[in-house]
Amino acid sequence: MNSTADAVLKSFTESFSSQPKIYFSPGRINLIGEHVDYNDGFVMPAAINKGVYYAIAENESNEIHFHAMDFNEWLSVGISHFKRMNGWKNYVLSVINEFLLLGCKIRGFNCVFAGDIPRGSGMSSSAAVEGGLAFALNEILHTGLNRVELALLCQRAEHNFPNVNCGIMDQFANMMGKQEQVLLLDCRSMQHQYLPLHMKGHKIVLLNSNVQHTLVSGEYNIRRQRCEEGLSILKSRLNIQSFRDITRVEDLQVYKSNMPEKVYNCCLYVIEEIARAKKAAVHLQEDNLIAFGKLMNATHEGLSKLYEVSCKELDFLVTLAGKNSNVIGSRLMGGGFGGCTINLVAVEGIDQFIKETSKAYQQHFNIIPEAYIVETADGTKEITITP
Ligand code: GLA
C-alpha cells in the first residue's frame with residue numbers, strides 16, 4: 001500500500017480513538033490547453049497517481065480538528081464560523097465555508113491529511129487538498145452533491161479564502177479523472193469526454209524545475225485580468241461571446257492598436273491555444289502523437305513569449321528537451337513561473353533524457369531537478385487500507 005496513506009492512518013489512530021475513512025484525492029497533469037480554462041477554452045487534463053490522502057471521522061462535538069502532516073501543524077476551529085487564515089488552512093477552511101454557504105449544517109470531525117505532490121510543482125496540490133475534503137464532507141454530511149457540483153464548490157473555495165481566481169480545470173480533473181484516460185473538457189459548457197491515452201511506446205515524464213518564482217495568485221490573477229480586458233474590447237467591436245468565437249488570428253490583429261501590447265499578446269495566445277487544443281484532441285483520437293507533441297511545443301512558445309508565464313529555468317528544460325530525439329513534445333505545465341515541464345518521451349530514451357537533462361540543469365542553475373514518470377488515475381475516491 002502507499003506509504004503516505006499508511007502514515008495518515010497511523011497518525012489518525014494515534015491521535016483519535018475512532019476509525020476513520022480514508023480518501024485519495026489526486027493531483028493532475030494537463031496535456032494541452034493551458035491558461036484557457038478561465039477563457040472558455042478546451043483543456044485536456046488527467047488525474048494522476050500522486051495526490052493527497054485524507055483520514056476523516058466525525059467526532060460528535062462542535063469542533064473540527066485538522067492535522068496537516070506535511071507542515072506538522074494542527075488547527076482546531078468551531079463549526080459555525082470560518083475566517084480567512086493563511087497557507088493550507090485557507091484551503092480547508094474555505095471548503096467547509098462553501099458547505100456552510102450552501103446552507104449545510106456542519107458537524108464536528110477529526111481530519112489528518114498528507115500528500116505526495118511536491119508543492120509548487122504545477123500538479124495542483126491545492127485542488128487535491130480541496131477535493132479530498134469536499135468529497136469526504138459530502139459523504140459525512142449527506143449533502144448529495146455530484147462530482148461536477150463538488151468540483152465547482154472547490155473552485156469557489158479556491159476563489160474565496162485563498163483568493164486565487166482559478167479556472168475549473170484542476171478541480172474538474174480531480175473529481176472526474178479516470179485511469180488510462182484524459183479528459184477533453186469544454187470549459188464553457190462543461191461538456192466533457194474521455195479520450196483513451198494510447199501512448200505508443202511513450203510515457204509522460206514531468207521534470208520539476210524546483211523553482212517557484214512568484215506568488216502564483218498575484219501573477220495568475222493579472223493574466224486573467226488582461227484576458228478580461230482584451231475580451232471586453234473585442235466584444236464591444238465584434239459579435240462574439242468569448243475568445244473561441246474568434247477563429248482567425250487576422251480578426252484579432254485588426255484591433256491590435258486598440259489595446260495595450262501585453263493585453264493583445266494574451267488574447268493572441270488564448271485564441272491560438274484554444275485552436276491548438278481542439279486540433280490536439282483530433283490528433284490524439286487519430287493516434288498521431290508526433291503531431292500532438294508539436295502542438296505542445298508550440299504551446300510552450302506561446303506561454304513563454306506571449307503569455308509570459310514561463311521563466312528561464314522552464315525555458316532551459318524545454319529547450320533541452322527539444323534537442324533530444326526521444327522527446328516528441330515538451331512544455332511548461334500548469335500556472336507557470338516554475339514547477340514542472342511535461343514531456344512525451346519514448347520509453348527507451350527516458351533514463352538518458354532524465355539523466356542528461358538533470359545534469360545540464362544542475363550545472364547551469366545549481367538546482368537539482370526531480371523527474372516523475374506519471375500514471376493516470378481515478379478521481380477522488382474512498383480507498384481501503386489493508387493492514
Ligand atoms: C492553474 C489553475 C487552473 C489553470 C492552470 C493554467 O493550475 O488552477 O485553473 O488555469 O493554472 O492552465
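In each ligand, atom 1 is the first atom listed, and ligand 1 is the first ligand listed. Note that the coordinates shown come from a computational prediction; the quantities given were computed from them, not determined experimentally.
- For atom 5 (C) of ligand 1, the closest non-hydrogen atom of the protein is Met169 CE, 3.8 Å.
- Annotation: Glu34 places an N or O atom under 3.5 Å from an N or O atom of ligand 1; distance criterion only.
- For atom 9 (O) of ligand 1, the closest non-hydrogen atom of the protein is Asp37 OD2, 2.5 Å.
- The aromatic rings of Phe16 and Phe12 sit tilted, their planes meeting at an angle between 30° and 60°.
- At a 4.0 Å cut-off, at least one heavy atom of Gly334 sits close enough to ligand 1 to count as contact.
- Residue contact annotation: Arg28 has a non-hydrogen atom under 4.0 Å from ligand 1.
- Looking at residues two or more places apart in sequence or on another chain, you find a ring-ring contact (aromatic ring centres under 6.0 Å, His included) between Phe109 and Phe66.
- Remark: minimum distance from atom 10 (O) of ligand 1 to any protein heavy atom is reached at Tyr220 OH, 2.5 Å.
- Ring orientation note: the planes of His192 and Tyr194 are nearly perpendicular, at an angle over 60° on the 30°/60° scale.
- Distance from atom 7 (O) of ligand 1 to its nearest protein heavy atom, with residue and atom name: Asp170 OD2, 2.7 Å.
- Counting the atoms of ligand 1 from 1 in the order shown, those under 4.0 Å from a heavy atom of Tyr38 are 10 (O).
- Aromatic ring orientation, His67 versus Trp74: parallel (interplanar angle below 30°, classes split at 30° and 60°).
- For ligand 1 and Gly335, the ligand atoms under 4.0 Å from any heavy atom of the residue are 11 (O).
- A donor-acceptor distance shorter than 3.5 angstrom exists from the side chain of Arg147 to the backbone of Thr380, with no hydrogens or angles considered.
- Ring orientation note: the planes of Tyr307 and Tyr269 are tilted relative to one another, at an angle of 30° to 60°.
- Near Gly167, meaning under 4.0 Å from any of its heavy atoms, are these atoms of ligand 1: 9 (O).
- Hydrophobic clustering, with ILVMFWY side chains joined whenever heavy atoms are under 4.5 angstrom apart, keeps Ile222 apart from Leu231.
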